[in-house]
Novice: 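I have a structure I would like to understand better, so I am pasting it below and will then ask my questions one at a time.
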Amino acid sequence: MSKILIRGAQVLGGEAQDVLIDGETIAATARTGEIDWSGTGLSAEGVDTVVEAAGQVLLPGLVDLHTHLREPGREDSETVLTGTRAAASGGYTAVFAMANTFPVADTAGVVEQVWRLGKESGYCDVQPIGAVTVGLEGKKLSELGAMHESAARVTVFSDDGKCVDDAVIMRRALEYVKAFGGVVAQHAQEPRLTEGAQMNEGVVSAELGLGGWPAVAEESIIARDVLLAEHVGSRVHICHLSTAGSVEIVRWAKSRGIDVTAEVTPHHLLLTDELVRSYDPVYKVNPPLRTERDVMALREALADGTIDIVATDHAPHPHEDKDCEWAAAAMGMVGLETALSVVQQTMVETGMLDWAGVAERMSFAPARIGGLSHQHGRPVSAGEPANLTLVDTSYRGVVDPAHFASRSRNTPYEGRELPGRVTHTFLRGRATVVDGKLA
């Protein structure tokens, strides 16, 4: 196993430190130029690789609780290999793969297939998410226990892409997963309030004549589900929260001690429904882009901890599903390779979060929620797994999807300048990204 010395990196944005990786583990850390506790110092003697990282920020490897890898069934959009390559490029060492594949990941066999494909890819760990209901149809619970007992050890369950809108089914799911400490991740969308919806309901939808997607369609489901979670005494996680009203409901639920967590996507932290005026389907997403008021409420909630994590909702599509008229276009955006840059722009450069806060919301907390905190989302200190991300925060560059590792190119940031660049990613001490390029 190789030894790697990262020299002069600002750990979590703090003081400059040297970090020595020996095999799969962080062997030692010390302030740059100082002697470590053993008296040997972090010299380069016997080291195979030295990474000069002065001025760069060193974070624990990022963890994404909401990724669509599409395999099995939609390998024209993404595969586990291409998706994990994209994840590594974005600084991720673990991703949770959503269940809306073909076939649906509603059995032990399918989740084990995805888990093994992740092992084979080698670019980041893949933790499958199991479907709550058979075929995502919302009628009958999936094999929740069997998926948890499988080799994949599934603990997160979601019908993402569809809402578990039947309150009885949702209650039963919450009761079932409570037995083994699992969590139900809800796609909050009351289907009867969003029939024919094409974008956020508001001034812009009225002017454009597009079917409106009201905020209450999200908020009503969240309100119901936090009450169900309280009644059952179970855990519920809210996927891609997008409205100011949803923030207030989650804040109220947490004040009551309800075991609820929530995520926000990078695109909901930056983009608004005003972009839909272009009729460019790249901006068509579920839930839809909301108003500037919602965006600011989401940023504030992420800063104060009401929203626990940033999750990408990386949703790749082939060009024919996006290069068409708005009404016919698929919903979704790729996000793994730009997420950290968007968070830097919206949260760090605005002073709403420091880099330690970014580490909490993009590594520590998602690992805890998903049950991976024994190996991911760990402190950057001696004896810990060497899952690390090195970021050049001074970098500025224009997004060019032609350079993406993802198989799909449906990014809303094409041609936009974003800050920051992942220069190195380490998965258990092995470099998956070196100098900004896949290893």
Novice: Under a plain distance cut-off of 3.5 Å, with no hydrogens placed, do T423 and D392 share a side-chain donor-acceptor pair?
Specialist: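 The answer is no; no qualifying pair exists.
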Novice: Would you mind listing every salt bridge (Lys or Arg N to Asp or Glu O under 4.0 Å) that reaches into residues 252-270, with sequence neighbours excluded?
Specialist: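 Found E230-R256, K254-D308.
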Novice: Run the side chain to side chain donor-acceptor pair (under 3.5 Å) test against E78 and tell me which residues pass, sequence neighbours left out.
Specialist: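 Scan of E78 (side chain to side chain donor-acceptor pair (under 3.5 Å), adjacent residues dropped) gives T82, H314, S406.
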Novice: Just jot down the side chain to side chain donor-acceptor pair (under 3.5 Å) partners of D64, sequence neighbours excluded, or say none.
Specialist: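 With neighbours one apart ignored, the set is T67, T312.
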Novice: For D106, enumerate each residue passing the side chain to side chain donor-acceptor pair (under 3.5 Å) test, keeping only those at least two apart in sequence or located in another chain.
Specialist: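 For D106, no residue satisfies side chain to side chain donor-acceptor pair (under 3.5 Å) once neighbours in sequence are set aside.
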Novice: Go through the structure and list residues passing side-chain contact (heavy atoms from CB on, under 4.5 Å) with A16, not counting sequence neighbours.
Specialist: T32
Novice: Going by ring pair (Phe, Tyr, Trp, His ring centres under 6.0 Å), name the residues that satisfy it together with H237, two or more places apart in sequence or in a different chain.
Specialist: none
Novice: Specify whether Y176 and F180 have parallel, tilted or perpendicular ring planes, treating 30° as the upper limit for parallel and 60° as the lower limit for perpendicular.
Specialist: perpendicular
Novice: Please collect all ring-ring contact (aromatic ring centres under 6.0 Å, His included) contacts where either partner lies in residues 70-90, sequence neighbours excluded, each pair once.
Specialist: none
Novice: Can you name the salt bridge (charged side-chain N to carboxylate O under 4.0 Å, His left out) partners of E52, sequence neighbours left out?
Specialist: R7
Novice: Would you sort out whether L390 and V51 count as a side-chain contact (heavy atoms from CB on, under 4.5 Å), showing the intermediate values?
Specialist: CA-CA 10 Å; L390 193 59; V51 178; 3.8 Å; yes
Novice: Test: ring-ring contact (aromatic ring centres under 6.0 Å, His included). Region: residues 51-96. Which pairs qualify, not counting sequence neighbours?
Specialist: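 Qualifying pairs: H66-H68, H66-H240.
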Novice: Can you name the side chain to side chain donor-acceptor pair (under 3.5 Å) partners of R235, sequence neighbours left out?
Specialist: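 For R235 there are no side chain to side chain donor-acceptor pair (under 3.5 Å) partners, ignoring immediate neighbours.
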Novice: Check ring pair (Phe, Tyr, Trp, His ring centres under 6.0 Å) between H317 and all other residues, then give those that pass, not counting sequence neighbours.
Specialist: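 For H317, no residue satisfies ring pair (Phe, Tyr, Trp, His ring centres under 6.0 Å) once neighbours in sequence are set aside.
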Novice: List the residues meeting side-chain contact (heavy atoms from CB on, under 4.5 Å) with S341, not counting sequence neighbours, and say none if there are none.
Specialist: L418
